[in-house]
Student: 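Right, I'll just put the structure down here and ask away after.
These figures come from a predicted structure and were not determined experimentally. Keep in mind that the numbers below use all heavy atoms, side chains included, and drop hydrogens, waters and symmetry copies. Along the sequence shown, the residues carry numbers beginning at 1.
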Amino acid sequence: MKKIIWSAFLAVALISCEQKEEKKVDAKNSELKIGFVDTAKLMEESLEAKDLNAKYEEIVKTKAASLQAEKSKFQNEVLQAEKSAQQMGPQWVQAKMREFQEKEQRLAASEQRITVEIQQQSGKEMDSLVKKIKGMIKDYAKEKKFDYILGTGEVSTVLYGKEETDLTEIMIKNINENYTKNKKKE
């Protein structure tokens, strides 16, 4: 009787071990859902990114026009001083040259400061946009039950992807719709 009970116990133990092994194998062999996004194309076609670029192009044009006006004014001052140089004498010319050098340095420093300011501002906004887009991709992946979404583009992490796993157009559409909807709210 004890042999029968032990045999039954052993048989049950072996069967349960086989079922656990099968479950492990099934989990390992289950297909992963993977897609990829061309990040360079996504940023090129993102309406928000286009708006940001247009905003900063306008800021650069405005600042450049203002700076160019100051430079033209400075050049006119130099021309006037050159005309007056013979009448005013060498001491006046030396004083004017120092004054012009200082103005030229201030103009160059102003130009550099403006460039750095614009780069920092646009960099912050672009970083914020990238973070927002990554969040949207993550939400999309969770909603559509993707295991992985990989990125291609300038910094390529995917060397090949089946065309049907390319989510770029879907993400562009979703991101642009979200941006347009939020822009209307503002």
Student: Please step through salt bridge (Lys or Arg N to Asp or Glu O under 4.0 Å) for the pair Glu57 and Lys61, ending with a clear verdict.
Tutor: CA-CA 6 Å; Glu57 283 176 13; Lys61 282 181 189 176; 5.6 Å; no

Student: Would you say the side-chain atoms of Ser66 pair up with the backbone N or O of Thr62, donor to acceptor, closer than 3.5 Å?
Tutor: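 No: the side chain of Ser66 does not pair with the backbone of Thr62.
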
Student: Give every donor-acceptor pair under 3.5 Å between a side-chain atom in residues 115-122 and any protein atom, sequence neighbours left out.
Tutor:
unit_1	atom_1	unit_2	atom_2	d
Thr115	OG1	Glu111	O	2.9
Ser122	OG	Ile118	O	3.0
Ser122	OG	Gln119	O	3.2

Student: Strictly distance-based, threshold 3.5 Å: is any side-chain N or O of Thr180 a donor or acceptor partner for the main-chain N or O of Asn176?
Tutor: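 Yes; judged by distance alone, with no hydrogens or angles, the pair exists.
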
Student: Given the rule that I, L, V, M, F, W and Y join up when any side-chain heavy atoms are under 4.5 Å apart, are Ile170 and Met136 in one cluster?
Tutor: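 Same cluster.
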
Student: Within the 4.5 Å heavy-atom criterion, are Phe146 and Ile34 side-chain neighbours or not?
Tutor: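 Answer no - side chains too far apart.
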
Student: Between Lys183 and Leu47, is the side chain to side chain contact (heavy atoms under 4.5 Å, CB included) condition met? List the steps.
Tutor: CA-CA 11 Å; Lys183 194 174 181 180; Leu47 295 177; over 6 Å; no

Student: Rounded to the nearest 0.5 Å, what separates atom CG in Leu42 from atom CD1 in Ile175?
Tutor: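 Answer rounded to 0.5 Å: 4.0 Å.
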
Student: Do the side chains of Lys96 and Met88 get nearer than 4.5 Å, heavy atoms only?
Tutor: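 Met88 does not reach Lys96 side chain to side chain.
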
Student: Applying a strict under-4.5 Å side-chain criterion to I, L, V, M, F, W and Y, I'd like to know whether Phe36 and Val130 cluster together.
Tutor: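 Cluster IDs for Phe36 and Val130 differ.
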
Student: Would you say Ser110 and Ile114 make side-chain contact, with heavy atoms under 4.5 Å?
Tutor: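 Yes, close enough: below the 4.5 Å cut-off.
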
Student: Look at atom CD of Gln68 and say whether more than 12 heavy atoms of other residues, nucleotides or ligands are closer to it than 6.0 Å.
Tutor: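 Yes.
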
Student: By side chain to side chain contact (heavy atoms under 4.5 Å, CB included), which residues pair with Asn76, not counting sequence neighbours?
Tutor: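 In terms of side chain to side chain contact (heavy atoms under 4.5 Å, CB included), with neighbours along the sequence ignored, Asn76 is linked to Leu79.
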
Student: Would you say Thr168's side chain and Asp38's backbone share a donor-acceptor pair under 3.5 angstrom?
Tutor: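 Answer holds: yes.
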
Student: To the nearest 0.5 Å, tell me how far Ser46 OG sits from Ile133 CD1.
Tutor: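 Answer for the OG-CD1 pair, Ser46 versus Ile133, is 4.5 Å.
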
Student: So how far is it from Lys41 NZ to Glu169 CD, rounded to the nearest 0.5 Å?
Tutor: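 One finds 3.5 Å between NZ of Lys41 and CD of Glu169.
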
Student: Output the distance between atom CE (Met171) and atom OG1 (Thr39), rounded to the nearest 0.5 Å.
Tutor: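 It comes to 12.0 Å.
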
Student: Are Asn178 and Glu48 packed together at the side-chain level, in the sense that at least one heavy-atom pair is separated by less than 4.5 angstrom?
Tutor: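 SC-SC contact between Asn178 and Glu48 ruled out.
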
Student: Check Glu77 against Phe100 and note the closest heavy-atom contact, atom names and distance.
Tutor: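 It is O-CZ, 3.6 Å.
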
Student: Considering non-hydrogen atoms only, spot the tightest contact between Trp92 and Ala81 and give its length.
Tutor: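 Taking every non-hydrogen atom into account, CZ3-O, 3.6 Å.
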
Student: Please tell me if the side chains of Lys63 and Ile59 come closer than 4.5 Å, counting only heavy atoms from C-beta onward.
Tutor: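 Side chain of Lys63 against side chain of Ile59, heavy atoms only: contact under 4.5 Å found.
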
Student: Quick one: does Met43's side chain get under 4.5 Å of Met126's, heavy atoms only?
Tutor: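 In short, these two side chains touch, coming nearer than 4.5 Å.
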
Student: For Ile149 and Ala141, which heavy atoms make the closest approach, and how far apart are they?
Tutor: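 Shortest heavy-atom contact: CD1-CB, 3.5 Å.
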
Student: Between the side chain of Lys33 and the main-chain N/O of Lys144, is any donor-acceptor distance below 3.5 Å?
Tutor: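 Here the side-chain-to-backbone pair exists.
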
Student: Are any non-hydrogen side-chain atoms of Lys181 and Glu177 less than 4.5 angstrom apart?
Tutor: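 Side-chain contact under 4.5 Å: no.
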
Student: Would you sort out whether Lys73 and Glu70 count as a salt bridge (Lys or Arg N to Asp or Glu O under 4.0 Å), showing the intermediate values?
Tutor: CA-CA 5 Å; Lys73 183 180 173 185; Glu70 286 184 49; over 6 Å; no

Student: Could you measure the distance from the CD atom of Gln75 to the CD atom of Glu104? Nearest 0.5 Å is fine.
Tutor: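 One finds 9.5 Å between CD of Gln75 and CD of Glu104.
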
Student: Does Arg98 have any side chain to side chain donor-acceptor pair (under 3.5 Å) partners at least two apart in sequence or in another chain, and if so, which?
Tutor: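 Arg98 satisfies side chain to side chain donor-acceptor pair (under 3.5 Å) with no residue once adjacent residues are dropped.
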
